[in-house]
Amino acid sequence: MLLILLAGVAAGALNAVGGGGSFVALAALVAAGMPPVTANATTTVALLPGNATSAWVYRREIEGFSRPSPIRLTLASVAGGAIGAGLLLLLPSASFDAAVPWLLAFATVVLAFGKRLTAALRLGRPGPAAILAGQFLLAIYGGYFGGAVGLMMLAFWTATTTLDPARGNPLRVIQVAAVYLTAAVIFVFAADVLSQPLHLVALLAGAVIGGYTGAHLVRRLPPTMLRGLVLSTAVLMTGLFFVRAFG
């Protein structure tokens with residue numbers, strides 16, 4: 001329980017800093033013997049309060065873009081998160097087990113090369129409908145798996161709007177929280193996240209602590225150090241899941 005609590009603290013802090021917290025939380029729960037699908041659902045539920053705590057810290061610093069409006073963007077996140085959560089529950093668990101290492105690898109690539117990909121994809125400014133459609137698809141991914149979805153959102157917004165990624169972190173936290181909120185409601189009633197309540201409570205408590213401290217810490221540490229921390233965690237957890245799957 002102590003290790004899961006500490007994993008929750010690390011996950012909450014990473015999500016507040018720049019994303020990647022689900023890497024740590026998922027790995028900790030799977031290492032504790034929880035099936036990957038249940039561990040993923042539990043991670044989503046447990047990290048929601050931490051994201052909400054970070055959002056509260058950032059509440060006066062939220063910047064976005066006018067078209068589409070933040071409300072419409074959030075609605076797209078909520079709807080996509082619900083569909084992604086439904087896919088996780090409806091598709092065979094074996095397919096998720098097989099996909100996890102590759103999903104982690106994909107998310108790690110986004111973490112490592114997101115800025116270069118953003119620069120390469122900057123082909124023009126799409127309209128609000130295209131931005132909402134992209135946000136909706138990202139939210140589906142977030143509800144199904146969630147790894148690095150916040151970083152993917154930042155990269156997408158940078159490529160399609162005038163939002164400065166350095167000032168987009170508070171908006172990222174809000175949108176990830178919207179995705180997690182819908183998915184968490186579905187998982188609580190339709191998944192087995194309550195089958196091991198001590199694991200859930202330990203991870204949730206740690207995520208709240210980490211989310212609060214991480215949101216304050218992000219103002220004090222250099223961006224390169226924060227990025228290195230998140231990326232190192234992602235690479236480590238991806239490697240561990242590949243060893244688990246194919247070792």
Side-chain angles (χ1 to χ4, degrees), residues 1-59 74 77-78 81-82 84-86 88-89 96 100 104 107 139 142-151 169-170 172-218 229-230 233-234 237 240-241:
M1 289 302 103
L2 177 60
L3 290 176
I4 293 177
L5 176 68
L6 293 176
V9 173
L14 285 171
N15 278 348
V17 164
S22 56
F23 289 90
V24 178
L26 180 63
L29 293 177
V30 171
M34 191 176 288
V37 171
T38 304
N40 191 60
T42 302
T43 294
T44 299
V45 174
L47 294 186
L48 174 61
N51 266 74
T53 303
S54 299
W56 173 256
V57 175
Y58 286 135
R59 67 190 183 280
T74 303
S77 297
V78 168
L88 179 69
L89 298 177
F96 180 79
V100 164
L104 286 169
Y144 180 78
F145 178 61
V149 66
L151 274 296
N169 199 48
R172 175 193 65 82
V173 171
I174 294 293
Q175 296 306 315
V176 172
V179 172
Y180 280 5
L181 174 62
T182 322
V185 170
I186 294 173
F187 290 151
V188 165
F189 291 102
D192 297 327
V193 297
L194 300 180
S195 61
Q196 300 187 48
L198 292 180
H199 291 70
L200 175 62
V201 171
L203 190 63
L204 188 152
V208 170
I209 297 170
Y212 183 82
T213 56
H216 286 286
L217 184 65
V218 73
L229 176 63
V230 173
T233 302
M237 296 306 160
L240 290 175
F241 270 88

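This one's a predicted model, so the numbers in the text were calculated from it and none came from an experiment. Residue numbers run from 1 in the order of the sequence given.
- Between atom CG of residue L203 and atom CG of residue L198 there is a gap of 12.5 Å, rounded to the nearest 0.5 Å.
- Nearest heavy atoms, M1 versus A202: O-CB, 3.9 Å.
- Considering every non-hydrogen atom in both A207 and L47, the closest pair reads CB-CD2, 3.7 Å.
- Summarising the geometry of V24 relative to A10, their closest heavy-atom pair is CG1-CB, 4.2 Å, with the distance given to 0.1 Å.
- Legend: side chain to side chain donor-acceptor pair (under 3.5 Å) pairs involving residues 27-45, not counting sequence neighbours: none detected.
- The nearest pair of heavy atoms linking L48 to A177 is CD1-O, 3.5 Å.
- Looking at heavy atoms from C-beta onward, V37 lies in side-chain contact with L88 at the 4.5 angstrom threshold.
- For residues 175-192, the pairs satisfying side chain to side chain donor-acceptor pair (under 3.5 Å) are T74-Q175, S77-Q175, with sequence neighbours left out.
- In plain terms, the two heavy atoms of V176 and G150 that are nearest each other are CG2-CA, 3.7 Å.
- A85 and I186 make their closest contact through CB-CD1, 4.0 Å (heavy atoms, listed as atom of the first residue, atom of the second, distance).
- A distance of 11.5 Å separates CD1 of I174 from CG of L181, quoted to the nearest 0.5 Å.
- Interatomic distance, H199 NE2 to M34 CE, rounded to the nearest 0.5 Å: 5.0 Å.
- In this structure, the separation between CG on L194 and CZ on F187 is 12.5 Å, given to the nearest 0.5 Å.
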